[in-house]
Novice: 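Next up is a structure, given as structure tokens.
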Protein chains: 2
Amino acid sequence: MTQHDLDPQTQPATHDRPTDARAEAFQGVREARSRELAEDYVELIAELIHDHGEARPVDIAARLGVKVPTVSKTLDRLAREGLITRAKYRSVFLTDDGRSLAKECRRRHEIVLRFLISLGLDPETAERDAEGIEHHVSERTLALFSAFVSRS
Amino acid sequence: MTQHDLDPQTQPATHDRPTDARAEAFQGVREARSRELAEDYVELIAELIHDHGEARPVDIAARLGVKVPTVSKTLDRLAREGLITRAKYRSVFLTDDGRSLAKECRRRHEIVLRFLISLGLDPETAERDAEGIEHHVSERTLALFSAFVSRS
DNA sequence: ACTGATTGTTAGCAATGTCTAACTTTATGC
DNA sequence: GCATAAAGTTAGACATTGCTAACAATCAGT
Ligand SMILES: [Mn+2]
Ligand SMILES: [Mn+2]
Ligand SMILES: [Mn+2]
Ligand SMILES: [Mn+2]
């Protein structure tokens, strides 16, 4: 390859994880990143349906802090992906897949949130951090978070 | 607004955080999301310069698991944003801003990583989760993570 | 110093995710 | 039931992030 990789002396003791493993990690993160939006949507849609009986684009938009046309376009994609069903000018419904994903997301969200609060974080910040972190925790980490919450 | 929000009975005891606060949380997450890539790049560039004396697109690409033209285009953006300097066909350098961001990112990365490992996670998974989580932890959370690591 | 291998750039495609503006449909209030 | 308000859609713009293919520059071994 390059001269560097052939010379161990030029590699001064930083973790020196294999390049491929790092690439895999980054690929995993990119993968998770690409699912984040759909996860936030279905989680929110499930909540709206539960709390209000229906999920309307205008309510989704208000809670996500985006404009309605943005929601409309994203909902088209979710429908294409089989997570929701929708009819023109009507509110949105989850498919079985969508409901199942929503449930999984809500579970992750709750675990992360309770964990952060158990650690001593204020609920506001916990909510904000959880909203981002939830998409990037492995099942293993989730298990450790759960255990910590129980134990504390 | 809509009939729902006017009728408290239809709001069955889910956390019922104000809509605006949620929107702000999501906006914060989107903001963080938009910075993730730049953060991963400068952190990696700093590491390559430290470990190998220079940061070449081909090495960045190998470690991120993307193709070289993707890196080239992203580096143009980072240059435009003032995080790096580059000359055609040459390797990349960090500006003061870039170096400062890299340092901050590395610090976050290390804290999150050590925290996850302290919790009991295996180093492989810890590395993967940290790579995603690092972009979504507030300074407060970081402080709690640090404290936990010290105390354990 | 040539030449072939490696590295880097450019152009162009596609998907995503955001917006505004203009329009259509549905719901509300009298 | 009609007029107006609210909600939803569509079109079109723009930035980002990925890719491949084609080309250009640099490096390395002889
Ligand atoms: Mn989220
Ligand atoms: Mn969530
Ligand atoms: Mn990262
Ligand atoms: Mn990192």
Side-chain angles (χ1 to χ4, degrees), chain A residues 1-7 19 23 26-41 44-45 48 52-81 83-93 135, chain B residues 1-7 19 23 26-41 44-45 48 52-81 83-93 135:
Chain A
M1 205 119 301
T2 141
Q3 118 211 41
H4 312 301
D5 297 55
L6 296 175
D7 183 359
T19 296
F26 278 116
Q27 272 158 355
V29 173
R30 279 197 302 279
E31 186 63 28
R33 223 168 261 171
S34 78
R35 268 179 275 124
E36 283 184 70
L37 201 68
E39 292 181 353
D40 284 338
Y41 268 76
L44 177 55
I45 289 166
L48 286 169
H52 296 89
E54 63 176 347
R56 304 184 311 161
V58 69
D59 294 323
I60 298 172
R63 282 161 182 79
L64 292 181
V66 298
K67 302 299 180 185
V68 174
T70 299
V71 169
S72 194
K73 197 184 276 193
T74 303
L75 291 177
D76 284 343
R77 178 163 71 84
L78 299 186
R80 187 163 20 99
E81 289 172 2
L83 294 170
I84 66 171
T85 58
R86 64 192 311 235
K88 267 199 185 178
Y89 298 99
R90 294 268 102 105
S91 55
V92 173
F93 299 92
H135 311 282
Chain B
M1 209 109 297
T2 145
Q3 119 210 41
H4 310 302
D5 295 53
L6 297 174
D7 182 358
T19 296
F26 278 116
Q27 272 157 355
V29 173
R30 279 198 302 279
E31 187 61 30
R33 222 169 261 169
S34 78
R35 270 179 273 126
E36 282 184 70
L37 202 67
E39 293 181 352
D40 284 338
Y41 268 76
L44 177 54
I45 289 167
L48 286 169
H52 296 88
E54 64 175 346
R56 302 185 310 161
V58 70
D59 294 323
I60 298 171
R63 281 159 183 81
L64 292 179
V66 298
K67 303 298 180 184
V68 174
T70 298
V71 169
S72 193
K73 198 184 279 192
T74 302
L75 291 178
D76 284 343
R77 179 165 72 82
L78 299 187
R80 186 165 20 100
E81 290 172 359
L83 294 170
I84 66 170
T85 58
R86 64 193 308 234
K88 267 198 184 181
Y89 297 101
R90 295 266 103 102
S91 54
V92 173
F93 300 91
H135 311 282

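We name chains A, B, ... by the order of the sequence lines, and we start the count at 1 in each one. Below, all heavy atoms of this structure are taken into account, side chains as well, without hydrogens, waters or symmetry copies. Just so you know, these numbers come straight off a predicted model, no measurement behind them.
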Novice: Looking at C:dT26, I'd like to know if its phosphate oxygens (OP1 or OP2) sit under 4.0 Å from a side-chain N or O belonging to A:Arg56.
Specialist: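 No, A:Arg56 has no side-chain N/O under 4.0 Å of OP1/OP2 on C:dT26.
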
Novice: Nearest whole angstrom, please: distance from the P of D:dG8 to the CZ of A:Arg86.
Specialist: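 Rounded to the whole Å, the gap is 9 Å.
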
Novice: Run the side-chain contact (heavy atoms from CB on, under 4.5 Å) test against B:Ser34 and tell me which residues pass, sequence neighbours left out.
Specialist: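 B:Ser34 satisfies side-chain contact (heavy atoms from CB on, under 4.5 Å) with B:Glu31 once adjacent residues are dropped.
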
Novice: List for me each residue that meets salt bridge (Lys or Arg N to Asp or Glu O under 4.0 Å) alongside B:Arg77, sequence neighbours excluded, and say none if there are none.
Specialist: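 If we apply the salt bridge (Lys or Arg N to Asp or Glu O under 4.0 Å) test to B:Arg77, skipping adjacent residues, the hits are B:Glu81.
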
Novice: Sequence neighbours left out, what passes side-chain hydrogen bond (donor to acceptor under 3.5 Å, both in side chains) with A:Thr70? Give chain and number order.
Specialist: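 Residues passing side-chain hydrogen bond (donor to acceptor under 3.5 Å, both in side chains) with A:Thr70: none at all.
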
Novice: Side chains of B:Phe26 and A:Val66, heavy atoms from C-beta outward: is any pair under 4.5 Å?
Specialist: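 A side-chain contact is absent here, since even the closest heavy-atom pair is not under 4.5 Å.
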
Novice: For A:Ile84 and A:Leu75, work out which heavy atoms get closest and say how close.
Specialist: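 Between these two residues, the closest heavy atoms are CD1-O, 3.4 Å.
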
Novice: Mind checking side-chain contact (heavy atoms from CB on, under 4.5 Å) for A:Lys73 and listing every partner two or more places apart, or none if nothing turns up?
Specialist: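 side-chain contact (heavy atoms from CB on, under 4.5 Å) check on A:Lys73 returns nothing, list empty.
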
Novice: Please tabulate the protein-to-nucleotide N/O contacts below 3.5 Å involving nucleotides 24-26 of chain D, giving atom names and distances.
Specialist:
none

Novice: What residues form a side-chain contact (heavy atoms from CB on, under 4.5 Å) with B:Ala61, not counting sequence neighbours?
Specialist: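 B:Ala61 satisfies side-chain contact (heavy atoms from CB on, under 4.5 Å) with B:Val68, B:Val71 once adjacent residues are dropped.
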
Novice: As a test of your reading of the structure, name each stem of DNA chain D as range with range, where a stem is three or more consecutive Watson-Crick or G-U pairs at under 3.5 Å.
Specialist: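 Expected stems, ordered by start: C:1-30 with D:1-30.
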
Novice: Would you say B:Ser72 reaches C:dT9's phosphate, i.e. side-chain N/O to OP1/OP2 under 4.0 Å?
Specialist: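 Yes, such a contact exists.
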
Novice: Can you sort out the partners of A:Arg86 under salt bridge (Lys or Arg N to Asp or Glu O under 4.0 Å), two or more places apart, ordered by chain and number?
Specialist: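 A:Asp76.
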
Novice: Can you check each nucleotide of nucleotides 14-21 of chain C against protein heavy atoms at under 4.0 Å and return B for base, S for sugar-phosphate only, - for none, in 5' to 3' order?
Specialist: --SSBBBB

Novice: Say whether, by atom type as modelled, one donor and one acceptor occur between the side chain of A:Gln27 and the main chain of B:Gly65 under 3.5 angstrom.
Specialist: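 Here the side-chain-to-backbone pair exists.
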
Novice: Applying side-chain contact (heavy atoms from CB on, under 4.5 Å), can you list everything that pairs with B:Tyr89, at least two apart in sequence or on another chain?
Specialist: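 Applying side-chain contact (heavy atoms from CB on, under 4.5 Å) to B:Tyr89 gives none.
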
